[in-house]
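This report concerns only the one structure given below.
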Amino acid sequence: MTTVPTWWIWLSGAFFAIACVAGLALAFLAVRLLLVLQAIRPKVEATLDRVERVAEQVEQLATAARGTVESVGGRAKTVAGAFELIALATASRFQAVSKLIAALGTAAKVIGALRGLKGKRRGLDNKPAKRG
């Protein structure tokens, strides 16, 4: 019967200890990330509300500009065209920011889903866990 060398046992023990420390560090970082995401969520939601208000204002401005162009002729059309250009410039700026807003919205949904899963899994949502 062959015996296991002592150096192999020590090396295996060292790797086991390193793996345990790395696992604990990853768990700590995951919890910390969840806490940071929960802290950011209200800011993201406030930003989304602001963006929705800006989008509504841009739509109203574009509608008003179109109405003015249709009802007034000649020189008034030039003024209305300037308003429409402002609306288009604002819309293009909104379009540039929309990717970031979409990413923030997605992050908010992921946070909500994670919070829901965490709450169901651990019973932290103050509701009885569903039995399946």
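W7 and F15 fall within a single hydrophobic cluster, where Ile, Leu, Val, Met, Phe, Trp and Tyr side chains are chained together by heavy-atom contacts under 4.5 Å. L33 and L104 are not part of a single hydrophobic cluster, where members link through side-chain heavy atoms under 4.5 Å apart. Under the 4.5 Å side-chain heavy-atom criterion for grouping Ile, Leu, Val, Met, Phe, Trp and Tyr, I40 is connected to I101 within one hydrophobic cluster. V54 and L88 sit in two unconnected hydrophobic clusters of ILVMFWY residues. Membership requires side-chain heavy atoms under 4.5 Å apart, directly or through other members. In the hydrophobic cluster analysis, where Ile, Leu, Val, Met, Phe, Trp and Tyr join through side-chain heavy atoms closer than 4.5 angstrom, I18 is grouped apart from F16.
Of the inter-residue distances, the one linking E45 atom CD with I111 atom CD1 reads 8.5 Å to the nearest 0.5 angstrom. In this structure, CD on Q57 lies 11.0 Å from CD on E59, to the nearest 0.5 angstrom.
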Q.
Does L35 form a side chain to side chain contact (heavy atoms under 4.5 Å, CB included) with Q38? I'd like the steps, not just the answer.
A. CA-CA 5 Å; L35 292 174; Q38 287 176 354; 4.0 Å; yes
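Of all non-hydrogen atoms in V44 and A108, the two that sit nearest each other are CG1-CB, 4.2 Å.
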